[in-house]
Amino acid sequence: MSLAEDLDYSLFNDYINGFMVSKVMFTACELGVFDLLESEEFLTFDVIAERLGTSFRGMEQLLDVCVTLKLLKVEMKGGKALYQNAELATLYLTKSGTKSQYNMLLYMSKTTYSCWNHLTEAIREGKNQYMRTFGIPSDDLFEAIYRSEEELVKFMRGLHEIWSINGRDVITAFDLSPFTLIYDLGGDFFRDPIPEADLYILARILHDWEDNKCVQLLRNIYQACKPGCGVLVVETLLAEDKRGPLTSQLYSMNMLVQTEGKERTPTEYHKLFTQAGFQDFQFKKTGKIYDAILARK
Ligand code: ASE
């Protein structure tokens, strides 16, 4: 094989195995590996297996994959392997970590991953896969996403965890000092009346909905506020040709399998805002997952 072929084959294999990497991290998190190692450092695989009620065979493999993924560190002492959390795990993977993403991982593992099992059907049909995955009709997206108290809490906590890391960048992207009364839109915003405010924050709302519903919501906001009022949209922006960044493309595909929306380009958002009557439109790429748009009446 040529060098180019070798590189292609190695990339090809990374793509094939990508899902295994996600699932190993989800599983270690769900079983409580990182939480246990946060309270007690330097444990052997058999102690960890016993405490967490798993097989020895499975746990040893799981721990060693986590070491290779740099989620755990290992030290040899008297011929025995002692495991501890790597920095990444301490920060993001423990329940009590300062930047914990624990609930988001749980959500990705239980809900998102299950829906992605039906990506083929989602592409064929062009719609989300709640019915196939959970037997839930998805004509009411709120009903599907918030289908139980447990599911709602996991989702909300997960979104909050992402916000705790990415919130600052999007909130500081624009000078928001002219706005005194700020309203963070959530809940059932299609049915509930929109209160008057200077600035409305729509964080990861528009990407859940098809164009017509987005315009309807933006029109309702437009009518509720005075000239000069603003809307701050927090979403991941697609490149104008929609061929990147990869994270935004994958999130857009996630919106296909889980919602009735998609991720959009700045031009697509501009069109929605223009249809709703807004005059002024600016956007800023943050270089992180989420970007910011500020539109004004
Ligand atoms: C939504 C956000 C998410 C709807 C479904 C979702 C997330 C996962 N599934 O509004 C969290 C953020 N991740 C993505 C892909 O946006």
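As the structure lists them, so they are numbered: ligands from 1, and atoms in each ligand from 1. All values derive from a computational prediction rather than experimental measurement.
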SB check Lys110 Glu30 (cutoff 4.0 Å)
yes
Expected contact list for ligand 1 at under 4.0 angstrom, heavy-atom basis, is Met104, Tyr107, Thr112, Phe155, Leu159, Ile162, Arg204, His207, Asp208, Tyr251, Asn254, Met255, Gln258, Thr259, Tyr290
If you look only at pairs with a residue in residues 71-123, which of them pass as a ring-ring contact (aromatic ring centres under 6.0 Å, His included), with sequence neighbours excluded?
Tyr107-Phe155
For a quick test of reading the model, state the closest non-hydrogen atom pair linking Asn103 to Gly158 and the distance between them.
CB-N, 3.9 Å
Arg264/Asp211 ion pair, N-O < 4.0 Å:
yes
For Cys225, which residues count as a disulfide (SG to SG under 2.5 Å) partner, sequence neighbours excluded?
Cys229
What pairs meet the side-chain hydrogen bond (donor to acceptor under 3.5 Å, both in side chains) rule with one or both residues in residues 220-232, with sequence neighbours excluded?
Glu196-Lys226
